[in-house]
Number of protein chains: 2
Amino acid sequence: MTTTLAELVQRRPSRADARRNYDSLIAAARQSFAEMGTEAPLEEIARRADVGIATLYRNFPTRETLVESVYLEEVQAVCNAAAEVAHLEPWEALLAWLRRFVTYVGTKRVLVEGLNRDSNTFKACRLGLYEAGAPLLIRAQDARLVRPDVAIDDVIRLVAGIAGIGSTTEEQRDRILAIALDGLKRAA
Amino acid sequence: MTTTLAELVQRRPSRADARRNYDSLIAAARQSFAEMGTEAPLEEIARRADVGIATLYRNFPTRETLVESVYLEEVQAVCNAAAEVAHLEPWEALLAWLRRFVTYVGTKRVLVEGLNRDSNTFKACRLGLYEAGAPLLIRAQDARLVRPDVAIDDVIRLVAGIAGIGSTTEEQRDRILAIALDGLKRAA
DNA sequence: CATATAAGTGGAGGGTTCCTCCGTTTAATG
DNA sequence: CATTAAACGGAGGAACCCTCCACTTATATG
């Protein structure tokens, strides 16, 4: 029923030329999305990938599927970041990961939009994030530093919401994040 | 320099037929935006308003201006809500307003998107919200119930971020809002 | 009331993007 | 090689965007 992240990655075509085109399309899409947002013309993407428009549509029947595929690699980067902070103290580790989450996601509009949709792929991505973040949260809760009545998906959603705030400064975002994180702390 | 909310409202045409069309367009747009998002075809909106496409473009040169005009009326409803909670105790009043903010804004995708843009109109709207909300915040701070180091725009942005979280349940949103609001409380 | 005129109107049409269909090309396999 | 299933590219119809301009009408004035 629920697809996992790992399953999704292996949806690339098997024939050599096809796989080359597929990868080329993803690369072109990432570039275009970064430059012009998720509404970038698909024909432009196909052109950049040096591929016919039909090939794009065969691999990604809808714009959504293309967005998702780009998104997939980004989200894994955030997941991996969880491992990099594991050596820190419980609270600092959680904090560092969430901060990185906000900074990273904040610059990638694709991610922000994605985090709030409910297609299968996006659900799988959220699951991946939950798995990566849960240990950090639980460790902090076990150390009695974080209130016990919140789950990892609450935390991610909260932080994702903050990351989505646009047209503001780095400082304000930090300040707002700090407020929210204070709410996470266990009431002494 | 900075336009105020009141100034913006009075941009309606003066001739009777023109004003009728203008209002009709806004109504049609609100309906279409609600049904199909802010990317709804403009020609569809003109059709619903029973008006030529040129009339739409004359009143609203860009899609953005149309979105803004719809947004304007919505945001005033939220501002007015501030008065309705003034009779409550300081903390309850702030809480009630922010809750209403989230519930109301959460159902109107236009608002969520708008809150994060930086056109003149949207800035004016934010200013309006700040004016409406500031008294509530300050009262709660004076009563030493809310930490003194936050400003109204931090609070609004924070809450707007939460309101923007999509594909979730009413309960989760409430829970997340509660966490964030806990962060607002003054550390005892 | 008549009428001048400024303000408003609608829709044709050129440009862009979307997405499907189908005849051609090519990688893989024996 | 030869075969064939898979992959390919691009033409073209449909939807939408936005401008331009010839026509209509509300309103102010004599």
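The nearest pair of heavy atoms linking B:Ala49 to B:Ser24 is O-OG, 3.1 Å.
Regarding contacts with the backbone of D:dC8, a side-chain N or O of A:Asn21 is found under 4.0 angstrom from either OP1 or OP2. Put simply, B:Thr55 has a side-chain N or O that comes within less than 4.0 Å of OP1 or OP2 on C:dG10. Between A:Arg63 and C:dC18 there is a side-chain N or O to OP1 or OP2 distance below 4.0 Å.
Nucleotide C:dG8 holds its P atom 11 Å from the CZ atom of B:Arg19, rounded to whole Å. For the pair A:Met36 CE and C:dT16 P, the computed distance is 13 Å after rounding to whole Å. Counting to the nearest Å, the C1' atom of D:dA26 and the CZ atom of B:Arg20 are 10 Å from each other. Going from atom CG of A:Asn59 over to atom P of D:dC8 covers 7 Å, rounded to whole Å. With rounding to whole Å, B:Leu25 atom CG is found 12 Å from C:dT9 atom C1'. Straight-line distance from the CZ atom of A:Arg12 to the C1' atom of D:dA7: 16 Å, rounded to whole Å. Atoms CZ (A:Arg58) and C1' (C:dC19) sit 13 Å apart, rounded to a whole Å. Atom CZ in B:Arg15 sits about 7 Å away from atom P in D:dA26, given to the nearest Å.
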Report the C-alpha separation of B:Arg20 and B:Asp17 in whole Å, then their side-chain angles, then the decisive distance to 0.1 Å, and conclude whether the salt bridge (charged side-chain N to carboxylate O under 4.0 Å, His left out) test is met.
CA-CA 5 Å; B:Arg20 211 176 320 123; B:Asp17 57 343; 5.8 Å; no
Can you check salt bridge (charged side-chain N to carboxylate O under 4.0 Å, His left out) on A:Glu44 and A:Arg48, steps first, answer last?
CA-CA 6 Å; A:Glu44 162 80 14; A:Arg48 283 199 204 199; 3.1 Å; yes
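When each of C:dG10, C:dG8, D:dC17 is scored by its nearest atom to the side-chain atoms of B:Val51, the top-ranked nucleotide is C:dG10. Among the nucleotides C:dT9, D:dC18, D:dG9, the one closest to any side-chain atom of B:Glu43 is D:dC18. Residue A:Ala54 has its side chain nearest to D:dG9 when only C:dG10, D:dG9, C:dT17 are considered. Out of C:dC19, D:dC18, D:dC16, the shortest distance to the side chain of B:Tyr57 is found at D:dC18.
In the interface, the side chain of B:Glu39 is not paired with the base of D:dC16 through any donor and acceptor atom under 3.5 Å apart.
Other residues, nucleotides and ligands place more than 12 heavy atoms under 6.0 Å from the CZ atom of B:Arg19.
When each of A:Arg47 and A:Ile53 is assigned the nucleotide of DNA chain C with its nearest heavy atom, A:Arg47 is the one assigned upstream, toward the 5' end.
A salt bridge does not link B:Asp149 to A:Arg175: none of the charged side-chain nitrogens sits closer than 4.0 Å to a carboxylate oxygen.
Looking at heavy-atom distances under 4.0 Å, A:Ala18 makes contact with sugar-phosphate atoms alone, never a base. Using a 4.0 Å heavy-atom criterion, one finds that B:Leu42 contacts the sugar-phosphate atoms exclusively. A:Ala16 comes within 4.0 angstrom of sugar-phosphate atoms only, judged by non-hydrogen atoms across all strands, and of no base.
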